[in-house]
Every structure is written in C-alpha cells, then in structure tokens.
There are 2 protein chains.
Amino acid sequence: MTARTSPESARDIPEATVARLPVYLRALVTLSESGTVTCSSEELAVAAGVNSAKLRKDLSYLGSYGTRGVGYDVDYLRYQIAREIGVTQDWPVVIVGIGNLGQALANYSGFRSRGFRVVALLDANPDRHDEVVAGIDVRPFDHLEQIARDHAVAIGVIATPAVAAQDVADRMVACGITSILNFAPTVLNVPDQVDVRKVDLSIELQILAYHEQRKTHGAAG
Amino acid sequence: MTARTSPESARDIPEATVARLPVYLRALVTLSESGTVTCSSEELAVAAGVNSAKLRKDLSYLGSYGTRGVGYDVDYLRYQIAREIGVTQDWPVVIVGIGNLGQALANYSGFRSRGFRVVALLDANPDRHDEVVAGIDVRPFDHLEQIARDHAVAIGVIATPAVAAQDVADRMVACGITSILNFAPTVLNVPDQVDVRKVDLSIELQILAYHEQRKTHGAAG
DNA sequence: TCGGTTTTGTTCTCGCGTTCACAAACTCCT
DNA sequence: AGGAGTTTGTGAACGCGAGAACAAAACCGA
Ligand SMILES: NC(=O)c1ccc[n+]([C@@H]2O[C@H](COP(=O)([O-])OP(=O)(O)OC[C@H]3O[C@@H](n4cnc5c(N)ncnc54)[C@H](O)[C@@H]3O)[C@@H](O)[C@H]2O)c1
Ligand SMILES: NC(=O)c1ccc[n+]([C@@H]2O[C@H](COP(=O)([O-])OP(=O)(O)OC[C@H]3O[C@@H](n4cnc5c(N)ncnc54)[C@H](O)[C@@H]3O)[C@@H](O)[C@H]2O)c1
C-alpha cells in the first residue's frame, strides 16, 4: 500500500487539508494579481496564515508541483488546486429562503468569481415572488424539482428559518441535490451520501464569548 | 494534579468541546420549550447530532451535572452550559460594514436572543449614515473608539470588503476589542490575546464542491 | 564539473480528539 | 431491603493532524 502520488489526482486528501486548499487558492489568486510569478512555501504560508511545514504537507497530497530550491509557480499551482477542488468548472447553485440572509447571499459577487453560479432563488412566501434579487427572479419553492433537473443542480443553500430547514433539505435530497450548505440553526438529517456543511453565526459568537469571559473574568479561582 | 472538578468552573475545556457547547445549548433550549424536563445523554446527543459518548465526555469537563440512571435536568444543564459559555450575561457587539451582509446580520433576531446585543452599526461610506437598519442608526466608522469605550465592547464583527478588513481589525484592536468575527475573505493579523474567528462562505462551498466532484467523477482510476 | 545554497517533499514524533467499554451510582419494583 | 435495570462519568486504545527536522533535488557561480 505504498502512497504513490498519482499524476492525475491524489487518492485521499485529509479533510483538514481539503478545508485549507481554498485558503491557499485565494492567497495564490491575490499573489497572481499582484504580479508574483513564483513563491516559496514560506511566502505562501504567511499569505494563507498557516505554518509552512503544514502548507508543504498539504500540497504534497496533490502531487509534486513545486521545484526544490525555487518554490512554486503561482499560476500553475493555482490551477492545480482549483482543479483539485473542482472550481475550474461552474457549479450551479440554488438558494432557498430569500429573506435577510438569502438576499445578501444572492447579491454576493464572490460566489460567481469562485466557480459558483446561482441558477435560482426560491421562497415559499408568495409575496416574495414579485421580487427580483440580484437580477434573478424569486420563484416558488415548488419549482425546485424542475430547476434542479434542468440545471443539474448538485449544491443547495438553505437560508430559511430553522423550523423549515429539515423540510427543505428533504426536498432537496429528493431532487438529487447531494451537497447542502445550511445557515439555519438546526441539525439536518440526511442520507449518508449527502454532504451537509453548516454555518452558524450564533455559535461563532458564543465561542468568542466563552474565551472573552475567560480573559476578563481571570480564569484563576 | 488530580483533575478534580471544581464546583465553580472547570479549568481547561478543549477547543473542540467549546465549539460544541453552543450546539448542546440550542438543543436543550428546544427540548425545554417542548416541555421536556429530563433527558438522557442519548436523547440529547441525537438532538445535537453527535455521538452520545462524546457528549458525555464534553459535559464532564463542566462538572458532574447529570444523575446516573436518570439523565440530565434540562433546565439545570441548560443554565450550566450557558453560564460556562458566558451567555447568561449580555455581550455588546459592534458591526462594521453595513452592506448586504452587515444589514442581514443587523436584522437577525437570533443574536439578541442568545445573549448578544448590537450596540452600533458602523460604515465608512457617508451615504449609509442616513440609514436606519433594524432600528439602529448607521454611524461613521470614526465613532468606533467612543462607542467601544462607552459600551465596553469586547466583540466586533467585520462585514466590510476584504481590502478594508485588516484596517478595521487594527482599529478594533486599538479600541480594546479582543474578539473579532470576520466575514471578509482575508487573513487578519492581530495580537496574540485577540481571538479571531472567520466565517467564509466561499470556502464552505468549495469544500462541498470538492466532495461533489469526487462523487460524480467516480474517484476510482 | 563540482561544491554551496536554497527550498521542497517526507519522515518521525507528539498531542489532541474520538470512541469503546465498563465500573459506579442511581431508580424502581418486588 | 435487595436485586434488576438504567444511565452517567471516565479510563484506555486508537487514529488523525500539527510541527520539527532532515534528506533529496534543484539552481548558481566558479
Ligand atoms: N440574517 C442573519 O444574519 C442570520 C444570521 C445567522 C443565522 N441566520 C439564519 O438564517 C436563516 C435565515 O435568516 P433570515 O434572517 O434571512 O430570515 P428571514 O425570515 O428574513 O428569511 C427567511 C425566508 O425563508 C422563507 N421561507 C420560510 N419557510 C420556507 C420554506 N419552507 N421554503 C422556502 N422558503 C421559506 C421566508 O419566506 C423568508 O423569505 C434563519 O434560519 C436564521 O436563523 C440568519
Ligand atoms: N454578502 C454575502 O453574502 C457575503 C458572502 C460571503 C462573504 N461576504 C463578505 O462579507 C463582506 C461584506 O460583503 P457585502 O456583500 O456586505 O459587501 P458590501 O459591499 O455590500 O458592503 C460592504 C460595506 O462595507 C463598507 N465599508 C467599506 N470600507 C469600509 C471601512 N474601511 N470601514 C467601514 N466600512 C467600510 C461599505 O461602505 C459597505 O457598506 C465582504 O468581505 C464579502 O466578501 C459576503
């Protein structure tokens, strides 16, 4: 079972590494836009805010794309990471729940530029169906099936209230969506083959509050 | 160095546990609201979407708040976790950058109900200063110092474009803010005693895309 | 051509987090 | 009272990830 590096793509990239690849990618884009042609692991690590040894180990899972004594070709590495993540192709995305947060997401230009294309905005509230957000019509939630089929949507975003989230997730799964980004503060039950990532702002604040309390309160008893 | 459980608060809670405590807290709130008085680690674990052994170990860091053969008193445990996290008190928060995302955050009611109070909305763009978002005036960014002092603000939220984020962070740190929640897709450099948590939606989508690519592409060579 | 310099790719070790498994502790029923 | 049943709290084993350290490989200059 020698861990031979395949020229096409590495077999098995650790989750922790997968989570950092987009950070490296963004750092590389910034470097590239500033005209940098080559960078060392140390430079890239600083730009990405990580340890350089960790960066090199992460990159080694993708293959051997650097040159010893020189460093990495910024554009080449950028392409390799983008290809590994899968953002060289465009991913159609649907957003469900076009309230405060859903509208902000729809208006966010950073998705498009990173390989994601919002193909539909869906909301259960008929009052919303008149609206146009970010140049896209808000459509009834019932259209999900047809849209998912027509555009081969694999990724869905849930920005509905928590109470509706499980329902929305079930419908998404039924439509063949296998990746869900969930902003509702609730635990989603989905089949094994479906990936769910949750973004929970309250939790983030609470984690900060915990540490903050420790700082000011003086942890000593 | 016997790890005796102090009645006041445990010495050292692992980061992974701290990150899950808010999840447990939310599950307990839901259970409490549904009238549940007592729950077992298994029930709570299911509600929180984790393994029950992990849940018990996590709770054991706080102290011994359960009863063997019975389970946990929902309201009691809820209070203990809230106290440990620090959300029994109110935390004043400032949001900087009242664009798409900042407005959504300001309008979000879930913060208030979880112990966070938005005391100010700040934006560098003078055009925004006429606006009132969620009943709060949008004020000039320069007011940060005074507001931070007056309200003893310890937690700041950054929702500005990436290019402005480091600047905003520096100003926050100078005002005594020691916890930052950053939505801008950039690495922030701050002193050691300052905690930064980042929420990066593009990264979440890219992680989903990676796995999605693996699913459809057929990982086998 | 060859030694010196630089930087990558990888090995090794350590610590943290997860999970299993079980003794201790509590309730309930007879 | 005492035994059966239940559930917590924790010791131990295991696997993964972080970081230090170093050998291999490239470049450069003489
Ligand atoms: N706004 C924020 O900054 C923020 C922050 C953290 C978490 N969240 C979470 O994100 C979610 C959305 O927040 P929001 O502030 O945008 O809420 P919102 O109430 O403004 O918007 C929710 C939208 O979902 C729609 N909806 C309701 N049920 C639906 C269903 N079954 N199918 C499709 N659409 C449905 C509603 O019509 C509404 O337009 C909530 O779960 C909230 O807890 C929001
Ligand atoms: N909108 C989203 O859904 C979304 C998603 C992911 C990430 N983000 C990130 O969140 C941030 C905000 O996104 P947005 O869509 O709200 O952008 P936006 O352009 O709508 O809003 C940014 C706001 O920040 C203000 N601002 C700019 N410089 C400032 C400064 N130095 N001090 C104070 N205020 C300043 C601007 O006046 C503007 O009101 C961006 O970094 C973006 O990449 C947004």
Side-chain angles (χ1 to χ4, degrees), chain A residues 1-7 9-21 23-24 27-28 31 36-74 76-77 80-81 84 207, chain B residues 1-7 10-21 23-24 27-28 31 36-74 76-78 80-81 84 207:
Chain A
M1 204 82 65
T2 48
R4 180 114 55 114
T5 326
S6 137
S9 76
R11 291 297 161 95
D12 202 29
I13 300 185
E15 264 308 300
T17 297
V18 171
R20 283 188 293 267
L21 289 180
V23 180
Y24 304 153
L28 286 166
L31 284 172
T36 309
V37 175
T38 294
C39 72
S40 69
S41 65
E42 184 60 32
E43 289 173 280
L44 185 53
V46 168
V50 300
N51 183 293
S52 69
K54 180 152 61 179
L55 171 80
R56 288 200 298 279
K57 180 173 276 196
D58 284 341
L59 295 183
S60 75
Y61 291 114
L62 311 191
S64 209
Y65 295 134
T67 308
R68 297 174 190 222
V70 178
Y72 300 91
D73 182 292
V74 170
Y76 181 60
L77 183 58
Q80 292 299 339
I81 293 180
E84 189 69 38
I207 295 171
Chain B
M1 204 78 68
T2 48
R4 182 114 54 114
T5 326
S6 139
R11 291 298 161 92
D12 203 30
I13 300 185
E15 264 309 300
T17 297
V18 171
R20 282 187 294 266
L21 289 180
V23 180
Y24 304 153
L28 286 166
L31 284 173
T36 309
V37 174
T38 295
C39 72
S40 69
S41 65
E42 185 57 34
E43 289 172 282
L44 185 52
V46 168
V50 301
N51 182 292
S52 70
K54 179 152 61 179
L55 170 81
R56 288 199 301 277
K57 176 152 282 194
D58 283 343
L59 295 184
S60 75
Y61 291 115
L62 311 191
S64 209
Y65 296 134
T67 306
R68 297 175 189 222
V70 178
Y72 301 91
D73 181 292
V74 170
Y76 181 61
L77 183 59
R78 170 185 169 177
Q80 292 299 339
I81 293 180
E84 189 68 40
I207 294 171

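Hydrogens, waters and symmetry mates are skipped; everything else that's a heavy atom, side chains included, is used. Throughout, a chain's letter reflects where its sequence line sits, starting with A, and its residues are numbered from 1.
- Of all non-hydrogen atoms in A/Ser40 and A/Tyr72, the two that sit nearest each other are C-CD1, 4.4 Å.
- Between B/Val23 and B/Ala19, the closest heavy-atom pair is CG2-O, 4.2 Å.
- When the side-chain nitrogen and oxygen atoms of B/Arg20 are compared with OP1 and OP2 of C/dT18, one or more of them lie within a distance under 4.0 Å.
- Between C/dT19, D/dA20, D/dT8, one nucleotide has an atom nearer to the side chain of A/Asn51 than all others, and that is D/dA20.
- Note: CG (A/Asp12) to C1' (D/dG17) measures 14 Å, nearest angstrom.
- Closest heavy-atom contact between A/Ala27 and A/Leu44: CB-CD1, 3.8 Å.
- In this structure, B/Leu59 places its CG atom 11 Å from P of D/dT10, rounding to the nearest Å.
- Contact check, B/Ser41 against D/dT8: a side-chain N or O comes under 4.0 Å of OP1 or OP2.
- Counting to the nearest Å, the P atom of C/dG9 and the CG atom of A/Leu44 are 12 Å from each other.
- Counting heavy atoms from C-beta on, the side chains of A/Asp73 and A/Thr67 never come closer than 4.5 Å.
- When each of C/dC26, D/dG17, C/dT18 is scored by its nearest atom to the side-chain atoms of B/Thr67, the top-ranked nucleotide is C/dC26.
- Between D/dG9 and B/Tyr72, a contact under 4.0 Å exists linking OP1 or OP2 to a side-chain N or O.
- For the OP1/OP2 pair of D/dT7 and a distance below 4.0 Å, the side-chain nitrogens and oxygens of B/Ser40 include no atom meeting the criterion.
- Rounded to a whole Å, the OH atom of A/Tyr65 is 12 Å from the P atom of C/dT10.
- Straight-line distance from the CG atom of B/Asp73 to the P atom of C/dT27: 13 Å, rounded to whole Å.
- Between the side chain of A/Lys57 and the base of D/dG19, at least one donor-acceptor pair of N or O atoms lies under 3.5 Å.
- When rounded to the nearest whole Å, the span between CD of B/Glu43 and P of D/dT6 equals 14 Å.
- Mapping B/Gly69 and A/Arg56 onto DNA chain D via the closest heavy atom, the residue that lands nearer the 5' end is B/Gly69.
- Put simply, A/Ser64 has a side-chain N or O that comes within less than 4.0 Å of OP1 or OP2 on C/dG9.
- The two residues B/Val74 and B/Leu28 have their closest heavy-atom pair at CG1-O, 3.5 Å.
- One interatomic measurement links the two molecules: CG of B/Leu55 to P of D/dT8, which rounds to 8 Å at whole-angstrom precision.
- Residue contacts shown for B/Glu42 are absent, as no nucleic acid heavy atom lies under 4.0 Å away.
- Residue-to-nucleotide proximity on DNA chain C shows that, of B/Asp58 and A/Val70, the 5′-proximal contact is made by A/Val70.
- Counting distance only, with no hydrogens placed and no angle test, the side-chain atoms of B/Arg68 and the base atoms of D/dT7 include no donor-acceptor pair under 3.5 Å.
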